[in-house]
Amino acid sequence: FLELLVRQFPGCGNIVTFSQFLFIALEGFVFEANFGRKRPAIPIRNYFIMVAMFFTVSVVNNYALNLNIAMPLHMIFRSGSLIASMALGIIILKKRYSVSKYSSIALVSLGIFTCTFMSAKQVASDSSSHQEDGPQAFLWWLLGIAALTFALLMSARMGIFQETLYKKFGKHSKEALFYNHALPLPGFLLLAPNIYQHAVLFSQSELFQVPVIGLTLPIMWFYLLMNVITQYVCIRGVFILTTECTSLTVTLVVTLRKFVSLIFSILYFQNPFTGWHWLGTAFVFVGTLMYTELWSSLGPLLARCRGRGRPEERKEQ
């Protein structure tokens with residue numbers, strides 16, 4: 001649904017982000033904050049710091065779509081969160097990792113570089129067919145890459161900050177979800193003209209009758225509504241997952257979810273995707289699997305499963 005919105009109005013990132021934040025904040029205000037009567041378990045000042053990071057990452061990621069960044073490249077680039085997390089973990093938390101971890105990060109980096117480089121060539125070839133605005137289009141693309149890089153590093157820093165908070169105060173996923181979306185709402189006043197402009201454009205789109213209920217509304221508002229609902233389900237699941245699984249498991253699940261989104265985008269919207277892009281994608285996700293040490297975990301598990309199938313071991317059990 002985000003891609004349907006962006007294809008029609010490339011600059012609609014702000015109204016999409018605002019709608020997502022408003023919906024999740026209203027839901028949390030009713031069901032988590034109990035209409036403001038429930039005090040937060042984590043001091044509110046820490047949420048202000050987290051929210052400043054979260055708001056910046058969300059706005060910059062969505063705004064990058066205005067800067068000549070294709071949706072597949074957008075998805076692949078954001079899959080490099082493992083690299084940023086490891087780099088900042090080494091710098092800030094003084095962590096050290098095994099050789100296999102560094103190898104996996106190198107593989108992911110190579111994959112992202114491959115996809116970025118090939119996309120740069122595509123932008124350059126498109127620019128050559130539009131001489132009057134070719135250099136300008138390429139410069140906007142470079143600015144989009146810089147925006148994605150900044151958002152990637154800021155997101156990793158936010159993850160480290162969250163990790164230290166949860167260790168100190170305990171894990172409160174629903175509370176964090178609410179404050180991360182409620183506190184930034186005043187910041188959208190700075191983006192009010194752009195949000196209003198796209199609200200008017202959305203209202204002028206063709207009418208669409210919603211199946212089953214028969215309600216008729218502009219189709220762009222329907223796309224936005226479905227995007228907000230699916231985004232809520234997605235981010236709610238991620239916040240719950242952080243309390244139930246290790247951070248590595250969460251990263252793997254989110255990365256694989258991005259991979260499914262990538263494949264769907266390519267097949268459904270017929271986005272250009274060369275063999276080099278597929279190679280880069282393979283590097284990204286094989287490197288992710290290496291990082292999580294999934295194979296070393298599956299080996300002993302499969303061995304135990306095979307052992308349970310032997311008659312002599314079944315008798316001993």
Side-chain angles (χ1 to χ4, degrees), residues 1-33 35 51 54-66 69-72 74-75 78 151 173-174 176-241 253-254 257-258 260-271:
F1 286 109
L2 176 62
E3 189 156 359
L4 287 169
L5 289 165
V6 170
R7 279 173 170 264
Q8 191 70 26
F9 298 104
C12 69
N14 290 330
I15 191 174
V16 172
T17 307
F18 171 70
S19 302
Q20 293 171 354
F21 274 54
L22 181 63
F23 179 83
I24 295 173
L26 289 175
E27 188 275 341
F29 182 73
V30 175
F31 296 104
E32 171 60 25
F35 297 95
V51 156
F54 189 69
F55 178 78
T56 303
V57 169
S58 297
V59 171
V60 171
N61 271 326
N62 279 339
Y63 192 77
L65 294 170
N66 301 357
I69 297 295
M71 183 64 75
H74 191 274
M75 293 176 178
R78 292 176 67 182
S173 63
K174 293 181 181 179
L177 181 64
F178 166 63
Y179 283 104
N180 276 335
H181 289 81
L183 294 179
L185 287 177
F188 285 100
L189 290 174
L190 301 173
L191 308 172
N194 181 266
I195 293 173
Y196 176 76
Q197 175 191 359
H198 282 88
V200 173
L201 293 174
F202 282 14
S203 298
Q204 295 172 351
S205 61
E206 62 177 301
L207 295 178
F208 172 77
Q209 187 174 26
V210 182
V212 182
I213 63 176
L215 177 66
T216 301
L217 74 164
I219 192 168
M220 298 305 292
W221 284 113
F222 172 74
Y223 290 160
L224 181 62
L225 175 63
M226 297 307 297
N227 172 264
V228 167
I229 293 173
T230 50
Q231 169 67 10
Y232 169 75
V233 173
C234 174
I235 196 143
R236 178 71 180 272
V238 170
F239 271 73
I240 293 174
L241 202 63
V253 171
V254 172
R257 192 259 307 166
K258 290 176 182 176
V260 174
S261 299
L262 172 66
I263 299 302
F264 185 87
S265 172
I266 293 167
L267 297 179
Y268 187 85
F269 294 102
Q270 299 180 347
N271 282 314

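Atom set for the values below is all heavy atoms of this structure, side chains included, hydrogens, waters and symmetry mates excluded.
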Within-4.5 Å side-chain heavy-atom neighbours: [X] and [Y]:
X	Y	value
Leu191	Phe18	no
Arg236	Leu177	yes
Phe239	Asn180	yes
Val16	Leu224	yes
Thr17	Phe188	yes
Gln197	Ile15	no

Looking at residues at least two apart in the chain, or sitting in another chain, which of them share a side-chain hydrogen bond (donor to acceptor under 3.5 Å, both in side chains) with Glu27?
-> Tyr232
Between [atom1] on residue [X] and [atom2] on residue [Y], distance to nearest 0.5 Å:
X	Y	atom1	atom2	answer
Leu217	Leu207	CG	CG	8.0 Å
Tyr179	Lys174	OH	NZ	15.0 Å
Ile235	His181	CD1	NE2	4.0 Å
Leu2	Gln231	CG	CD	9.0 Å
Thr216	Ile213	OG1	CD1	9.5 Å
Ser19	Trp221	OG	CH2	6.0 Å

Any donor-acceptor pair under 3.5 Å linking the side chain of His198 with the backbone of Gly11?
-> yes
Closest non-hydrogen atom pair, [X] against [Y]:
X	Y	answer
Pro218	Phe202	CB-O, 3.3 Å
Met220	Gln8	CE-CB, 3.7 Å
Glu32	Phe178	CG-CB, 4.4 Å

Check step by step if side-chain contact (heavy atoms from CB on, under 4.5 Å) holds for Met226 and Leu4.
-> CA-CA 11 Å; Met226 297 307 297; Leu4 287 169; over 6 Å; no
Measure from the ring center of Tyr223 to the ring center of Phe208 and say whether it is less than 6.0 Å.
-> no
Is the number of heavy atoms from other residues, nucleotides or ligands under 6.0 Å of Tyr63 OH greater than 12?
-> no
For the side chain to side chain contact (heavy atoms under 4.5 Å, CB included) test, which of Leu225, Asn227, Val228 pairs with Phe1?
-> Asn227
